[in-house]
Amino acid sequence: QVQLVESGGGLVQPGGPLRLSCAASGSIFRFYTMGWYRQAPGKQREVVAITTRAGTTNYPNSVKGRFTIATDNAKNTMYLEMNDLKPEDTAVYYCNANPALFTWGQGTQVTVSY
């Protein structure tokens, strides 16, 4: 059973950066397309970044140019670099395969506010 643990969230001012981490209990990144997701209050969970086994990445227009997904297979860790954060980026952020295959972790809260 793969376990995913997200970390790195917090309170950040608009325009600021933040880096999220996703630690996996096994070597899964080389076998699955992986994604970062987020869920804001009252909204459905949405994908904000995808990386394939070949390293191809994809982002929705809402975060393109501001978010970067990366994996470190040696550390079984995936990252989400977020820059120029906006209040609308406020959400709980999760990692999982894409499509989601594993049990969801607790997520990490990101709050963008003054």
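Positions are given from 1, in the same order as the sequence printed here.
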ask   = Which distance, rounded to the nearest 0.5 Å, do you find between the OG1 of Thr68 and the CG of Leu80?
value = 8.0 Å
query = Within 45° of the ring axis of Tyr79 and under 6.0 Å from its six-membered ring centre, is that where the NZ or CZ of Arg19 lies?
reply = yes
Residue pair Met78 / Trp36, side-chain heavy-atom distance below 4.5 Å = yes
ask   = Would the number of heavy atoms belonging to other residues, nucleotides or ligands and lying under 6.0 Å from CD of Glu88 be above 12?
value = yes
key: Polar contact flag, side-chain donor to acceptor under 3.5 angstrom, Ser21-Glu6   = no
ask   = Hey, are the side chains of Met82 and Val110 touching, using non-hydrogen atoms and a 4.5 Å cut-off?
value = yes
key: Heavy-atom pair of closest approach, residues Ser62 and Arg38   = OG-NH2, 3.9 Å
ask   = Can you say whether the rings of Phe67 and Tyr93 are parallel (under 30°), tilted (30 to 60°) or perpendicular (over 60°)?
value = tilted
ask   = Is there a donor in the side chain of Thr77 and an acceptor in the side chain of Asp72, or the other way round, less than 3.5 Å apart?
value = no
ask   = Phe102 and Leu20: same hydrophobic cluster, using ILVMFWY side-chain contacts below 4.5 Å?
value = yes
key: Rounded distance [0.5 Å steps], OG1 in Thr33 versus CG in Asn96   = 12.0 Å
task = Give a yes or no on this: more than 12 heavy atoms of other residues, nucleotides or ligands lie within 6.0 Å of atom CD of Gln109.
result = yes
message = Is the terminal nitrogen or CZ of Arg45 (NZ for Lys, CZ for Arg) located under 6.0 angstrom from the six-membered ring centre of Tyr94 and within 45° of that ring's axis?
response = yes
message = Between Ile50 and Tyr59, is there a side-chain heavy-atom distance shorter than 4.5 Å?
response = no
request  = Determine whether Asp89 and Arg66 make a side-chain contact, defined as any pair of heavy atoms from C-beta on separated by less than 4.5 Å.
outcome  = yes
inquiry  = Please evaluate residues Thr108 and Val92 with respect to the criterion side chain to side chain contact (heavy atoms under 4.5 Å, CB included), reporting the C-alpha separation (whole Å), side-chain torsions for both, the decisive distance (0.1 Å), and the verdict.
reply    = CA-CA 5 Å; Thr108 187; Val92 180; 6.0 Å; no
Contact check, side chains of Leu4 and Ile28, non-hydrogen atoms, under 4.5 Å = yes
ask   = Atom OG of Ser27 and atom CG of Asn73: how far apart are they, to the nearest 0.5 Å?
value = 7.5 Å
ask   = Would you say Thr51 and Thr71 make side-chain contact, with heavy atoms under 4.5 Å?
value = yes
key: Neighbour count >12 (heavy atoms, 6.0 Å) for atom NZ, Lys75   = no
message = Counting C-beta onward and ignoring hydrogens, is there a side-chain heavy-atom pair between Ser113 and Thr90 closer than 4.5 Å?
response = no
ask   = Can you name the nearest heavy-atom pair linking Phe29 to Arg53, along with the distance?
value = O-CG, 4.3 Å
query = What pair of heavy atoms forms the shortest contact from Leu18 to Leu85, and how long is it?
reply = CB-CD1, 3.8 Å
query = How long is the span from the CG atom in Leu101 to the CE atom in Met34, to the nearest 0.5 Å?
reply = 9.0 Å
query = If you look at every heavy atom in Ala49 and Pro60, which pair is closest and at what distance?
reply = N-CD, 4.4 Å
Closest approach of Pro17 to Asn83 (non-hydrogen atoms, all atoms of both residues) = CB-OD1, 3.4 Å
message = Whether the Asn98 and Tyr37 side chains hold a donor-acceptor pair (N or O, under 3.5 Å, no angle test) is what I'd like checked.
response = yes
